[in-house]
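The structure under discussion appears below in the form of structure tokens.
The structure displayed is predicted, hence computed values, not measured ones.
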Protein chains: 2
Amino acid sequence: MDSSVRPYSQVYDTLRNVGLRPTRQRLGLARLLFDNGNRHVTAEQLHAEAANANLRVSLATIYNTLNQFTGAGLMREVVVEPGRSYFDTNTSDHHHFFHEDTAELQDIPGDAISVSAVPEPPAGTRVKRVDIIVRIKG
Amino acid sequence: MDSSVRPYSQVYDTLRNVGLRPTRQRLGLARLLFDNGNRHVTAEQLHAEAANANLRVSLATIYNTLNQFTGAGLMREVVVEPGRSYFDTNTSDHHHFFHEDTAELQDIPGDAISVSAVPEPPAGTRVKRVDIIVRIKG
DNA sequence: TTTCTTCTTTAAAATGATTCTAATCTGTTG
DNA sequence: CAACAGATTAGAATCATTTTAAAGAAGAAA
Ligand SMILES: [Mn+2]
Ligand SMILES: [Mn+2]
Ligand SMILES: [Zn+2]
Ligand SMILES: [Zn+2]
């Protein structure tokens, strides 16, 4: 588990497990995303971060990768504002504060909040997910 | 209260009250929006509906009007999908089912669902609104 | 009602996020 | 290594929304 000795091995295996080739770009992005705790990033943010980390990746690849990671269940998409999407490395059951001033997301652990008595979904439908967004301002 | 006698008077007063000139376009859109129970519409949907009702309004005016009505507190914006916004004529405290198949919103009355123990917002912030989206599929 | 001012509407262009295209490159497997 | 499938990328395209700036309509004053 010494990341200085096997720097890429964990994400490498993760990528293999979900059927994605461990390319230089995906490995680099996976490290940025998963090696630093839970993250909520937009494509542009991640692109800037990659550039900053000397990882050359096109914006198209950023989008491809975020969508692939999300499709593979490694991340999830959070929609709070019209116009742009956030991608969340925390795939466990949880909810969010959204800081309207700074446009930042912050986790609310799943057990710190809960919905009482969710009404029956309309006949013929089933609940896929319940999203709670607590919008806050300075 | 006979709408065939005073067809526009209610929305007319509403517009005056919020400081918006009662123009032909705003009056027509307000009738489409408010005279038929609660609605959840996208700009494109309302534009099509207006055309269908023989009301000539540009798409730019649709956007202007939806944003002005929202700013005036006559409607609110609901964000559930990346890429487009829904505008809701129901301004009371309530939440939503979102049908992922049909991309339609359906109200959940405020008293039919509630959040237990919303955690304290981070220091220096206050809660502006809590949005609950119950995502459902056929 | 005429005039004056301010607000509104609109076509068209601009913007911004995201996706697509199609050419080039790279990882994997034999 | 050879061959192929899959991945990356620059740039174009798309789509929702906003902006621009010119023309039109509403309200106030006279
Ligand atoms: Mn997506
Ligand atoms: Mn808006
Ligand atoms: Zn999260
Ligand atoms: Zn609603």
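Here the side chain of B/Ala60 is nearest to one of D/dT8, D/dT18, C/dT10, namely C/dT10. Which of C/dT28, D/dA7, D/dT9 sits closest to the side chain of A/Tyr12 comes down to C/dT28. Here the nucleotide nearest the side chain of A/Pro22, chosen from D/dT9, C/dG27, C/dT10, is C/dG27. Proximity note for A/Gln25 (side chain, C-beta onward) versus D/dA16, D/dG27, D/dT8: the nearest is D/dT8. The nucleotide whose nearest atom lies closest to any side-chain atom of A/Asn64 is, among C/dA17, C/dT28, D/dT8, D/dT8. Set against C/dA17, D/dT17, D/dT19, the side chain of B/Ser85 has D/dT17 as its closest nucleotide. The side chain of A/Arg26 approaches D/dA7 more closely than any other nucleotide in the set C/dT8, D/dT18, D/dA7.
The 5' end of DNA chain C is approached more closely, in terms of each residue's nearest nucleotide, by B/Leu20 than by the other of B/Leu59 and B/Leu20. Checking B/Arg16 against B/Ala43, the closest nucleotide of DNA chain D that is more toward the 5' end is the one next to B/Ala43.
When the C1' atom of D/dA16 is taken as reference, atom NE2 of B/His47 falls 14 Å away, rounded to whole Å. If you take CD of B/Gln68 and P of D/dT18, they are 12 Å apart, rounded to a whole angstrom. The CZ-P distance, from A/Phe87 to C/dT18, rounds to 7 Å in whole Å. Rounded to an integer number of Å, the gap from CZ of B/Phe69 to C1' of C/dT8 is 13 Å. Rounded to a whole Å, the CZ atom of A/Arg84 is 18 Å from the P atom of C/dT15. For B/Asn67 and D/dT17, the CG to P distance is 9 Å, given to the nearest whole Å. The CG atom of A/Leu66 sits 15 Å away from the C1' atom of D/dT8 (whole-angstrom rounding). Computed from coordinates, the A/Glu81 CD to D/dT17 C1' distance equals 14 Å when rounded to whole Å.
When only modelled atom types and interatomic distance are considered, A/His94 and A/Asn38 share no side-chain donor-acceptor pair under 3.5 Å. Under 3.5 Å, the side chains of A/His40 and A/Asn90 contain no donor-acceptor pair of N or O atoms.
Going from atom CG of A/Leu59 over to atom CG of A/Asn64 covers 9.5 Å, rounded to the nearest 0.5 Å.
The residue from B/Glu49, B/Gln25, B/Arg24 that alone fulfils the side chain to side chain contact (heavy atoms under 4.5 Å, CB included) condition with B/Leu55 is B/Arg24. Across A/Gln68, A/Arg26, A/Arg21, a single residue satisfies side chain to side chain contact (heavy atoms under 4.5 Å, CB included) together with A/Leu15, and that is A/Arg26.
Dashed line: the shortest gap from a side-chain N or O of B/Tyr63 to OP1 or OP2 of D/dT17 is under 4.0 Å. Residue A/Thr42 has no polar side-chain atom (N or O) positioned under 4.0 Å from OP1 or OP2 of C/dA17.
When all heavy atoms are compared, the tightest approach of A/Arg39 to A/Leu33 is CG-O, 3.2 Å.
A donor-acceptor contact under 3.5 angstrom links the side-chain atoms of B/Arg21 to the base of C/dT6.
Residue A/Thr61 is classed as a base contact, given a heavy-atom separation below 4.0 Å to a base.
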